[in-house]
Amino acid sequence: MREAALLLASCVVLCLLLSLGQAARQGQDIRCGACRALVDEMEWAISQVDPKKMIQTGSFRINPDGSQSIREVPLARSEGNLLELMESVCERMEDYGERTDSSTNRKSYIRIKSRSGEAMDLSEATLDSRVTASLKFACETIVEQHEDEIIEFFAHETDNVKDKLCSKRTDLCDHALKMPHDEL
């Protein structure tokens, strides 16, 4: 009788540990997916700004020698524009759905609404308002906690921002270095 109770207790503990591990992995998948979606949305928004538009930054004070420390930077990658984009980027998490990899059981997040209005293949996507709300909350948390890093990367970096920001800099996607670049 005592051995049966001990076996039952061991099974309960094992089940709890497995469910906690799965919940932690699901949380990691959401945070990673939110970061990768955030990068996609920011890159798209930046690409919509005319690359010829420039903005003057620096000090408008006159130096003792009569010169000013002003420089021109592209408007799309200016700090002011990036801050403005970051204010609304998480609203677009509503345009994403969840996809589960059948071999690894990992979740990834794919765009379910086309930016151009064209039809999209949604056969692998699960549409769930709880997932969308979780993705939006994770995005808002990332923007709040990593605002400086996001601005730094988008102001200066143009290549592999997803991997550099989401995996290497913030560790939100430690497993994502194994993901193909088109997945979130």
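All of these numbers come straight from a predicted model, not from anything done at the bench.
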Notebook entry, point to check: Quick one: side-chain hydrogen bond (donor to acceptor under 3.5 Å, both in side chains) partners of D128, sequence neighbours excluded?
Noted result: R130
Margin query: Working note: D163 + R169, criterion salt bridge (Lys or Arg N to Asp or Glu O under 4.0 Å); need CA distance, chi angles, decisive distance, verdict.
Written below: CA-CA 9 Å; D163 288 340; R169 187 66 170 270; over 6 Å; no
Check: Which atoms form the tightest heavy-atom contact between I30 and A138, and what is the distance?
Finding: CG2-CB, 3.7 Å
Checklist line | For D148, all residues meeting side-chain hydrogen bond (donor to acceptor under 3.5 Å, both in side chains), sequence neighbours excluded | finding: none
Margin query: Can you give me the closest heavy-atom contact between I151 and L82, atom names plus distance?
Written below: O-CD1, 3.7 Å
Checklist line | L75 to N81 - nearest heavy-atom pair and separation | finding: O-CB, 3.2 Å
Margin query: What's the separation between atom CD1 in I142 and atom CG in L172, rounded to the nearest 0.5 Å?
Written below: 5.0 Å
Notebook entry, point to check: Which residue pairs satisfy the salt bridge (Lys or Arg N to Asp or Glu O under 4.0 Å) criterion with at least one member in residues 74-96, sequence neighbours excluded?
Noted result: E41-R92, E91-K136, D95-R111, D95-K113
Margin query: Salt bridge check, R106 against D101: does any charged N sit closer than 4.0 Å to a carboxylate O?
Written below: no
Next item on the list: Would you give the length of the straight line joining atom CZ of R99 to atom CD1 of I110, rounded to the nearest 0.5 angstrom?
Entry: 5.0 Å
Next item on the list: Rounded to the nearest 0.5 Å, what's the gap from CG on D29 to OH on Y109? Could you check?
Entry: 6.0 Å
Check: Members other than W44 in its cluster, when Ile, Leu, Val, Met, Phe, Trp, Tyr link by side-chain heavy atoms under 4.5 Å?
Finding: none
Notebook entry, point to check: With clusters built from Ile, Leu, Val, Met, Phe, Trp and Tyr whose side-chain heavy atoms come within less than 4.5 Å, directly or transitively, what are the remaining members of the cluster of F137, listed by chain and number?
Noted result: none
Note to self: Per the disulfide bond (SG atoms under 2.5 Å apart) rule, what does the pair list look like for residues 42-142, sequence neighbours excluded?
What the structure shows: C90-C139
Next item on the list: Could you tell me which non-hydrogen atom of S78 sits nearest to which non-hydrogen atom of I55, and how far apart they are?
Entry: CB-CG2, 3.7 Å
Checklist line | By side-chain contact (heavy atoms from CB on, under 4.5 Å) - contacts of D50 (at least two apart) | finding: K52, K53
Next item on the list: Step by step, work out the side-chain contact (heavy atoms from CB on, under 4.5 Å) result for E144 and T141.
Entry: CA-CA 5 Å; E144 185 178 311; T141 304; 5.7 Å; no
Next item on the list: Any disulfide bond (SG atoms under 2.5 Å apart) involving residues 92-137? Give me the pairs, sequence neighbours left out, ordered by first then second residue.
Entry: none
Item checked: Sequence-distant partners of Q48, side-chain hydrogen bond (donor to acceptor under 3.5 Å, both in side chains), two or more places apart -> none
Next item on the list: Go through the steps for Y96 and V131 under the test side-chain contact (heavy atoms from CB on, under 4.5 Å), then give the verdict.
Entry: CA-CA 9 Å; Y96 286 82; V131 169; over 6 Å; no
Checklist line | Gap separating the CZ atom of R31 from the SG atom of C35, nearest 0.5 angstrom | finding: 11.0 Å
Check: Would T126 and T100 satisfy side-chain contact (heavy atoms from CB on, under 4.5 Å), going step by step from the backbone distance to the final call?
Finding: CA-CA 9 Å; T126 304; T100 305; 5.6 Å; no
Next item on the list: State the CD1-CE distance between I150 and M86, to the nearest 0.5 angstrom.
Entry: 5.0 Å
Next item on the list: List in chain and number order the residues that pass side-chain hydrogen bond (donor to acceptor under 3.5 Å, both in side chains) with D159, two or more places apart in sequence or in another chain; answer none if no residue qualifies.
Entry: none
Checklist line | Separation between CD of E152 and CG of L165, rounded to the nearest 0.5 Å | finding: 9.5 Å
Note to self: Under the rule for side-chain contact (heavy atoms from CB on, under 4.5 Å), what residues qualify as partners of S102, not counting sequence neighbours?
What the structure shows: none
Notebook entry, point to check: Under the side-chain contact (heavy atoms from CB on, under 4.5 Å) test, which residues partner I70, sequence neighbours left out?
Noted result: Q56, F60, Q68
Margin query: Hydrophobic clusters here meaning ILVMFWY residues chained together by side-chain heavy-atom distances under 4.5 Å, can you tell me if F154 and L83 are in one?
Written below: yes
Item checked: M120 reachable from I112 in the ILVMFWY side-chain graph, under 4.5 Å edges -> yes
Notebook entry, point to check: Does the C173 SG fall under 2.5 Å from that of C32?
Noted result: yes
Check: Closest approach of A45 and L85, non-hydrogen atoms and distance?
Finding: CB-CD2, 3.7 Å
Check: Pick from E43, M42, R36: which one makes a side chain to side chain contact (heavy atoms under 4.5 Å, CB included) with V39?
Finding: E43
